[in-house]
Amino acid sequence: GPRRGGPSGQEGEQRGDGPPHERQDAERPADADQRGDVERPEVAADAEEKKDKTWMMMLCGIGRTGVDHDGFDDSQLINPGSPFAILWVLLTTVFLLYTAFWTPVSVAFYWNMDACDSLPTLEFDVFIDCWFFADLVMNFLMGVYLDGNYEDSFRFVALNYLQGMFLFDLITTVPVGLIEYLMLLGCVPGNTAGYSVLSVRFTRVMKPLRLVKLIRLLKIVKNRNIVNHLSSVKSEPPPAVVLGKVFILVFVMVHVCGCMFWLIKQLASSEYEYESFLVDQGLDLASPVENKYVVAIYFISTVITTVGFGDVAGLNSWERLFCIFIMFIGSVIFGYLLASIQEIVMKMDQFAEERAVTQEMLDWARRRDVPAHLRDKVVRWSAFQYRQEVELRDQEKHLDKLLDAPSLYKEMLEHLSGSLLNSVPFLRDLKHELKDHFMLELWRDMTVESFYKDTIIMCSGEPNKCLHLITSGEVRVIGAEGVVVQVINKGCSLHAQALLGVSDVGTPYGRSDLFVVAMTNVSSLVLRRSRFKAILSSYPPELKAEIK
């Protein structure tokens with residue numbers, strides 16, 4: 001079957017659609033700026049923008065100027081893409097992570113604390129409660145993106161929030177720490193001061209409700225600025241990152257289960273049994289919380305990993321039931337851990353296959369006494385070619401899975417072909433009803449070619465009868481004097497005029513001294529003029545006339 005190229009990329013800084021005189025750049029004399037004959041509207045616009053940019057606009061995105069500022073829209077409310085909003089969300093995330101870690105510890109290991117004693121972090125917990133309450137108010141003052149549209153009307157934002165997540169956020173923003181702090185102000189040692197010890201413990205048990213507020217952070221993905229940034233840097237995480245995420249998940253489960261075990265130990269054991277357990281572990285009632293936490297984590301780890309040394313075990317029915325529950329949880333976690341490690345090993349095998357290919361090339365170069373700097377270039381080129389081949393095979397494999405769904409297969413092919421061939425102006429602007437089918441046939445007929453860095457792909461005076469669609473790397477059109485005429489990046493077309501019978505790459509530019517050079521290792525999809533004409537001949541004359 002025909003070879004198909006890799007996925008399309010974003011358009012480059014300068015489109016490879018055609019020569020400079022076909023673009024909409026205004027021509028003016030070279031010395032116009034010095035004479036002041038030509039007004040520069042962009043300078044005036046920049047001056048006006050700076051004038052309108054107050055600290056509220058720069059920090060919070062609040063203001064009306066009619067132009068984009070730093071990638072986010074004008075807004076009557078705080079823009080979710082502004083520096084202030086992003087910093088606010090980051091700090092809220094940090095405080096939520098703190099709450100997620102500290103809440104189980106404070107509930108489990110300080111359960112038997114005297115009612116008039118306060119938690120060591122109570123003052124900071126009060127600050128966290130105030131922050132979460134401020135975050136609740138912030139939802140009324142921050143614009144929102146709905147279905148791709150930015151809404152900054154206070155009435156609309158308030159109604160949307162009240163009808164949505166307000167009740168949920170209100171429940172999870174109960175100031176537990178503040179309530180506990182106010183109750184402890186009137187507490188007298190040895191006296192419950194009009195309230196029960198159970199009420200103090202109940203307020204501490206309510207703290208896990210704050211963890212549900214993490215769901216609110218999903219609002220970040222609706223922010224256009226952050227999504228665009230993530231899409232530009234997103235890549236497949238390396239195996240070490242995947243493994244790190246797995247171990248973090250395991251630690252979270254061990255942490256929560258360890259705290260639950262210690263709480264059950266205190267609730268289900270008599271005072272004598274609890275003190276005897278501490279003595280068996282080399283502890284006492286006055287031992288630091290850190291030492292007790294280590295014992296709990298140690299026990300849960302032995303259960304989850306199915307080691308089970310037996311030095312720590314359930315001593316009553318409640319503890320044994322909890323241990324049974326942990327065993328079931330542990331089997332699931334252990335299975336997930338093994339599956340994740342297997343997936344990582346498979347990915348590492350793919351990397352190992354690439355290393356084997358490059359190592360074979362490296363060994364061959366060493367046997368030929370190739371200098372080290374040249375060996376490095378050879379290995380890099382070998383790895384580049386291998387990755388292009390793997391990407392091509394991967395695309396073929398996934399497309400073959402869609403063959404049983406012809407309509408879906410055709411839709412996917414149209415997406416892949418259109419995103420690349422639309423960089424060719426005379427193809428993009430076609431209005432014929434068979435346009436999509438025609439472009440699909442062209443794309444399926446294209447082949448893949450790779451060019452090493454600094455390779456001259458084509459030059460003036462030598463006929464070229466191929467269209468190149470750049471799928472990776474950078475190409476430059478350079479004059480004989482070394483001046484860069486055009487930069488062609490990933491996702492752009494190179495010498496589309498070849499399909500229309502213009503063989504010399506310099507003709508569209510009105511020059512005869514041009515070279516097209518690969519500035520990096522380049523991969524491109526190639527369509528030859530002979531194949532273009534053969535495919536076009538099978539379509540109605542109206543399509544041919546439109547292309548002419």
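Positions are given from 1, in the same order as the sequence printed here.
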**Prompt:** What do the steps show when you test Glu275 against Leu285 for side-chain contact (heavy atoms from CB on, under 4.5 Å), and what is the final call?
**Reply:** CA-CA 7 Å; Glu275 292 182 2; Leu285 293 175; 3.3 Å; yes
Which heavy atom of [X] sits nearest a heavy atom of [Y], and at what distance?
X: Pro120; Y: Tyr110; value: CG-OH, 3.5 Å
X: Asp125; Y: Leu119; value: OD2-CD1, 4.3 Å
X: Ala268; Y: Glu273; value: O-OE1, 4.3 Å
X: Ala85; Y: Ile78; value: CB-CG2, 4.2 Å
X: Val254; Y: Ser301; value: CG1-OG, 3.7 Å

**Request:** Would you please test Leu278 and Asp284 for side-chain contact (heavy atoms from CB on, under 4.5 Å) and show each step?
**Result:** CA-CA 5 Å; Leu278 293 178; Asp284 54 42; 5.5 Å; no
Quick check: do [X] and [Y] have side-chain heavy atoms less than 4.5 Å from each other?
X: Val157; Y: Phe154; answer: no
X: Asn79; Y: Phe84; answer: no
X: Ser450; Y: Phe384; answer: yes
X: Phe277; Y: Gln281; answer: yes
X: Lys490; Y: Thr471; answer: no
X: Ser269; Y: Leu315; answer: no
X: Tyr293; Y: His255; answer: yes
X: Leu283; Y: Lys292; answer: yes

Just how far is it from atom [atom1] of [X] to atom [atom2] of [Y], taken to the nearest 0.5 Å?
X: Ile264; Y: Cys259; atom1: CD1; atom2: SG; value: 11.5 Å
X: Ile329; Y: Ile324; atom1: CD1; atom2: CD1; value: 13.0 Å
X: Phe132; Y: Leu178; atom1: CZ; atom2: CG; value: 13.5 Å
X: Ile333; Y: Ile304; atom1: CD1; atom2: CD1; value: 4.0 Å
X: Ser82; Y: Leu77; atom1: OG; atom2: CG; value: 11.0 Å
X: Phe156; Y: Asp152; atom1: CZ; atom2: CG; value: 10.5 Å

**Request:** Check whether the ring centres of Tyr98 and Phe124 lie less than 6.0 Å apart, and answer yes or no.
**Result:** yes
**Message:** Quick check on the 6.0 Å ring-centre criterion: do Phe95 and Phe127 meet it?
**Reply:** yes
Is the side chain of [X] donor-acceptor paired with the backbone N or O of [Y] at a distance under 3.5 Å, no angle test?
X: Ser331; Y: Phe328; value: yes
X: Gln266; Y: Ala108; value: yes
X: Ser106; Y: Thr103; value: yes
X: Ser382; Y: Val378; value: no
X: Arg375; Y: Val370; value: yes
X: Asp376; Y: Ala372; value: no

Should we count [atom1] of [X] as having more than 12 external heavy atoms under 6.0 Å?
X: Met138; atom1: CE; result: yes
X: Glu360; atom1: CD; result: no
X: Phe140; atom1: CZ; result: yes

**Message:** According to salt bridge (charged side-chain N to carboxylate O under 4.0 Å, His left out), does anything in residues 305-332 pair up with another residue at least two apart or in another chain? List the pairs.
**Reply:** Lys265-Glu319
**Message:** I'd like to know if Asp363 pairs up with Arg367 as an ion pair, taking the criterion as any Lys NZ or Arg NE/NH1/NH2 lying under 4.0 Å from an Asp or Glu carboxylate oxygen.
**Reply:**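 Salt bridge flag = no for Arg367 with Asp363.
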**Message:** Determine whether Val522 and Tyr452 satisfy the following criterion, side-chain contact (heavy atoms from CB on, under 4.5 Å), listing intermediate values before the conclusion.
**Reply:** CA-CA 7 Å; Val522 171; Tyr452 181 65; over 6 Å; no
If the plane angle is over 60° it's perpendicular, under 30° parallel, otherwise tilted; pick one for [X] and [Y].
X: Phe109; Y: Trp262; answer: parallel
X: Trp131; Y: Trp88; answer: parallel
X: Tyr161; Y: Phe166; answer: perpendicular

**Message:** For Val487 and Glu474: C-alpha separation, side-chain torsions, deciding distance, then whether side-chain contact (heavy atoms from CB on, under 4.5 Å) applies.
**Reply:** CA-CA 7 Å; Val487 178; Glu474 178 186 300; 3.9 Å; yes
